[in-house]
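Down below is the structure, laid out as C-alpha cells.
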Number of protein chains: 2
Amino acid sequence: MKKPITIHDIAKLAEVSSATVSRVLSGSGYPVSAATREKIQRIAKESNYIPNMLGKQLKTNSSMTIGVIIPSISNPFYSSVLLGIEGIARQNRFHVIVCNSLHDAALEEEYLKTIAEKQVKGLIISSIGSDQELLQKLMDTGMKVIAIDQKVEGEGISQVEFDYRKGGYMAAKHLQLKGHRRIGYVTSLLDRPSRRSIYQGYEEAMRESGLEPLAVESTEDDVYSSLNEFNMGKKLTARLLEAEQPPTAIFACNDVMAFGVMHELSRRGIQVPQDMSVIGFDGIDYGQMIHPPLTTIQQPDYEMGSIACKMLLDQLNGETNPVYDVLLEPQLLERSSVAQVGSVE
Amino acid sequence: MKKPITIHDIAKLAEVSSATVSRVLSGSGYPVSAATREKIQRIAKESNYIPNMLGKQLKTNSSMTIGVIIPSISNPFYSSVLLGIEGIARQNRFHVIVCNSLHDAALEEEYLKTIAEKQVKGLIISSIGSDQELLQKLMDTGMKVIAIDQKVEGEGISQVEFDYRKGGYMAAKHLQLKGHRRIGYVTSLLDRPSRRSIYQGYEEAMRESGLEPLAVESTEDDVYSSLNEFNMGKKLTARLLEAEQPPTAIFACNDVMAFGVMHELSRRGIQVPQDMSVIGFDGIDYGQMIHPPLTTIQQPDYEMGSIACKMLLDQLNGETNPVYDVLLEPQLLERSSVAQVGSVE
DNA sequence: TTGTATGCGTTATCAG
DNA sequence: CTGATAACGCATACAA
C-alpha cells in the first residue's frame, strides 16, 4: 500500500515548486510556461496522480457538492426527482450526496448535520420533520436551501412544489365530468402538507358541486414502502365499500395506493372501470403497466428535480439571491381506469 | 454570513488550548478534567459549533464514507440493494455516496475518479464498464472494492452475486413441472454476464429435458428505464407469437419485462395464466400489484446490499483481507401467473 | 491533565 | 513566469 502521490512529489520529479504544479494541475489558468506545463502534466499522468479533494476543499472552502434529503429513493417518485437533480448537477460539474430520511425526523436531522459537517453549501430537501430550527441555523451560516415537494416554513427558503390542491381538484372534477356523484377518497395519514392539500382540492371540488366528500384516512403512521401503501389501499377500499351508499369511483392519494384499490376491487369481483372507476395521483410509470392502465394526475417529477437544482446553483453562484417559489402544474393523464357512468345527454 | 466557528474560537472562549478542545469534541477519550470538559462542551453547544470534516479527514486520512456505483436507482432492484447498503453503513456510522452510471461506461469511470479524489476508501460497484484498468489502479492505492451483481474480473475483488444461472434454471424447470414443453424466453441484449447466465440456466434446463430453447433477444442496446423494459417486453412477445409453434409459457429476464409480456398478451385477448403462463425474474414488489400477481424468481436484493456492505466494512477495518465470493440463492416465488397445463396423471 | 508545535494536501499571497 | 511561505481546520507526538 504505497502512499498516494501529492503535488510535492510531482514538484520534485519535475524540478519545480509545488506552487507551479498546483497552478497547472488545478486548471487555474495561471500563466505557466508551455514547457514546464507539459512536463508537469506528463509526470502527473505517468505517476497516476489523484488530487486530494479534501486538501483542495479545505483550502478553497467550496466543495462543488450539493446535498439532497428525501424520504426514500425506493419511491419511484423521488427517484425520478433525484435523476432530475443529478442531471443538472452533472452538467455543472457538481456532485450529489443523497440521504434517505426514511420518514424519520431524527434521521433527517442527523443527515442534515452530516451534510453541514461535510461543508456542503447547497441543499435540496423534501422535509419530513417539523422542527426546522436546525435548518434555520444552517442557513444562518450560509447554506442555501431549496425545499421541494413539502413546504417548509422559514425565511429565505425557495420552494418548488406541485399544486397539490389543484391536482386533487382536477381528479375529483374529472370523475364528476364522467358522471360520478359518489366519489370516495382514500388517503394515507393526513400528516403532511402535501397530503392535506390534495384532500383539500378534492373536498373543494365536491362541495362546489354540492356533493358530499366521502373520505377514508389511514390511521397508521406510515413506514413507507410501496408494499405498505399497496396494502393500505386494499384496507381502505374495504372500509369504503362498507358504506351504505358505496361510491362509484375511488380517488387514491397516490398511484401505488390506487394499485391496492384495484387489487381489492378485483378480489371482490368488482370490475374496473365497468363497475368502479379508479383514479390515482403521481403518474409513475408502473401505472401504465397494470391492467387496466391507471388514469392519474401526473406530477412533473423529473422537472421538479432539475428546476430545484437550477435554482440552487443560481443561489450558490449568484451574488444576489432572490427567494422565490415555483408552483408546478399537475396534468390529467387519461388512461383506462375511469368510465363514463349514467346517461350522457 | 458570519464565519463558521472553529476549535480555536472555542479554545479562546474557554481559555484553553485548541488541542484540549479537539480532545473533548472529537470524542477521543483522551483524559481531560471534568470541569474543562464540561465547559468546552457547553461553549460548543452555545456557539452552534459544527466540526469541519474536511479538516478532520485530511488529518486522519479516513473519511468514514463508502462509495456506491450502480446503473440507476430508478430500477427498484438497485434501490433495494442500496437500502440494504445504507442500513448497515448507518449502523457503523458510515456515510454513503451514490452514483448512477446510467449504463454509461464513461460516466462510471468519471464517478470512479470522483470517489477516489474524495478519498473514499471503500467502494461497492455494479459495473457496467468492461475496462477495469482504472479500478485496478485504485485498488493498488489501497481502495477496497466489492463487486455486486455484475462479476468483475480482477485480483482482490470480493464479489457478491446471485446465482443467475440457477435462477434461470429454476424458472424453466418450474414451467416444465407445470407441464409446459414449449417455453419461450424473452431477454434484453445479452451483453452482460448476469443476463447471459440466466439464459444459460434456461437453456440448460431445456436441453436437459430434451426441449428446444425458444429465445428472442432484444437487439437494442438498452437505455435503461422501466418503461423501456416494459415496451421491450411487449415487442419481444409479439415476435415470439409469430412462431409457427408458439409457446405455452413465457419466461422474461426481469419482472418489468414480464409486465410488458402480460400487457401484450392481454391486448391480444390471450389470458394469463389460462391461455399462457408467464414467469418473471427479480421479485420486485410491483409484481404482486398487477393482475394476475406475477410468479417470479426472487433475488434477495436487500440482503445483497447489506452483505456487500458488511464485507466492505470488514475489509476496511481488518488487518487481514481475505478475498472471497458470496453466491446468493434465488428462490421461486409462486403467485398466480403460471398454470398447470395438459393432463396430470 | 494541559499546552506547543507540526503536518495532512492544497491553494493564495507576495515577492522576485 | 516562478518560488517560498502561510494558511485552511483538525488531530496528535511530544513536552511540561
Side-chain angles (χ1 to χ4, degrees), chain A residues 1-41 43-44 47-65 116-121 141-142, chain B residues 1-41 43-44 47-64 114 116-121 141-142:
Chain A
M1 195 118 54
K2 29 186 179 177
K3 254 207 185 120
I5 117 162
T6 73
I7 50 172
H8 296 104
D9 301 326
I10 296 181
K12 266 189 197 128
L13 292 172
E15 295 169 304
V16 293
S17 78
S18 54
T20 305
V21 176
S22 170
R23 296 199 258 252
V24 172
L25 264 26
S26 68
S28 67
Y30 197 93
V32 172
S33 79
T36 51
R37 174 178 293 274
E38 248 171 85
K39 184 175 185 184
I40 288 171
Q41 281 168 335
I43 295 181
S47 55
N48 291 317
Y49 168 67
I50 297 172
N52 185 327
M53 285 302 163
L54 297 181
K56 174 180 185 133
Q57 289 170 15
L58 179 60
K59 180 65 185 171
T60 60
N61 191 29
S62 87
S63 67
M64 296 290 282
T65 304
E117 291 175 353
K118 293 205 175 202
Q119 306 304 110
V120 171
K121 300 295 193 286
T141 72
Chain B
M1 196 114 54
K2 30 185 178 174
K3 257 214 183 108
I5 116 163
T6 73
I7 51 172
H8 297 101
D9 301 326
I10 296 182
K12 266 187 197 131
L13 292 172
E15 294 169 306
V16 294
S17 77
S18 54
T20 305
V21 176
S22 169
R23 296 199 257 254
V24 172
L25 263 28
S26 68
S28 68
Y30 197 93
V32 172
S33 79
T36 50
R37 173 177 295 271
E38 250 172 86
K39 184 174 185 185
I40 289 171
Q41 282 167 337
I43 295 180
S47 55
N48 291 317
Y49 169 66
I50 297 172
N52 184 327
M53 284 304 162
L54 298 181
K56 175 179 186 138
Q57 289 171 15
L58 181 60
K59 178 67 185 166
T60 61
N61 190 30
S62 87
S63 67
M64 297 291 281
T114 302
E117 291 176 352
K118 293 206 175 200
Q119 307 305 108
V120 171
K121 301 294 193 286
T141 72

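Just so we're on the same page: letters track the sequence lines, and every chain starts at 1. Since the model is a prediction, treat every value here as computed from it, not as a measurement.
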Legend entry - Nearest-angstrom distance from the residue atom CG of B/Asn61 to C1' of D/dA11: 13 Å
Inset, instruction - Could you tell me the separation between the CD atom of B/Gln119 and the P atom of C/dG9, rounded to a whole number of Å? - result: 8 Å
Legend entry - Which residue lies more 5' along DNA chain C, comparing B/Thr60 with B/Ser17 via nearest heavy atoms: B/Ser17
Legend entry - Distance in angstrom units between A/Lys3 NZ and C/dC8 P, rounded: 7 Å
Inset, instruction - Take the protein atom CZ of B/Arg23 and the nucleotide atom P of D/dC10, then report the distance between them rounded to whole Å. - result: 15 Å
Legend entry - Spacing between A/Ile10 atom CD1 and D/dT2 atom C1', to the nearest angstrom: 17 Å
Inset, instruction - Would you mind telling me which residue lines up with the more 5' stretch of DNA chain D, A/Thr36 or B/Leu58, judged by nearest nucleotide? - result: A/Thr36
Legend entry - Side-chain heavy-atom pair B/Pro4, A/Thr141 within 4.5 angstrom cut-off: no
Inset, instruction - Just call it for A/Ser26: base, sugar-phosphate, or nothing, with non-hydrogen atoms closer than 4.0 Å on any strand. - result: sugar-phosphate
Legend entry - Side-chain N or O of B/Tyr49 closer than 4.0 Å to phosphate OP1/OP2 of D/dC10: yes
Legend entry - Criterion side-chain contact (heavy atoms from CB on, under 4.5 Å) on B/Lys118 and A/Thr65, from CA distance to verdict: CA-CA 11 Å; B/Lys118 293 206 175 200; A/Thr65 304; 3.0 Å; yes
Inset, instruction - Report yes if at least one side-chain N or O of A/Thr20 is closer than 4.0 Å to OP1 or OP2 of D/dT2; otherwise report no. - result: no
Inset, instruction - Compare the minimum distances between each of C/dC14, C/dA5, D/dC10 and the side chain of B/Ala19, then state the nucleotide with the smallest one. - result: C/dA5
Inset, instruction - Supply the atom-to-atom distance A/Ile5 CD1 to A/Ile10 CD1, rounded to the nearest 0.5 angstrom. - result: 4.0 Å
Inset, instruction - Say whether, by atom type as modelled, one donor and one acceptor occur between the side chain of B/Ser28 and the main chain of B/Arg23 under 3.5 angstrom. - result: yes
Inset, instruction - Kindly indicate whether the side chain of A/Leu58, heavy atoms from C-beta on, has any atom under 4.5 Å from the side chain of B/Asn52. - result: yes
Legend entry - Rounded distance in Å - NE2 (B/His8) to P (D/dC8): 9 Å
Inset, instruction - Just compare C/dG9, D/dC14, C/dC8 and give me whichever is closest to any side-chain atom of A/Thr6. - result: C/dG9
Legend entry - Heavy-atom donor-acceptor pair, A/Tyr30 side-chain to D/dT2 base, under 3.5 Å: yes
Inset, instruction - Looking at every strand, decide which applies to B/Ser33 at a 4.0 Å heavy-atom threshold: base, sugar-phosphate, or nothing. - result: sugar-phosphate
Inset, instruction - To the nearest Å, give me how far apart CD1 (A/Ile7) and P (C/dT10) are. - result: 5 Å
Inset, instruction - Using atom CZ of B/Arg37 as one end and atom P of C/dT1 as the other, report the distance to the nearest whole Å. - result: 9 Å
Inset, instruction - Would you indicate what A/Asn52 reaches in the nucleic acid, counting non-hydrogen atoms under 4.0 angstrom: base, sugar-phosphate, or nothing? - result: sugar-phosphate
Inset, instruction - Tell me what B/Lys56 touches on the nucleic acid: a base, only sugar-phosphate, or nothing, going by heavy atoms under 4.0 Å. - result: sugar-phosphate
Legend entry - Under-3.5 Å donor-acceptor pair between A/Lys59 side chain and C/dT10 base: no
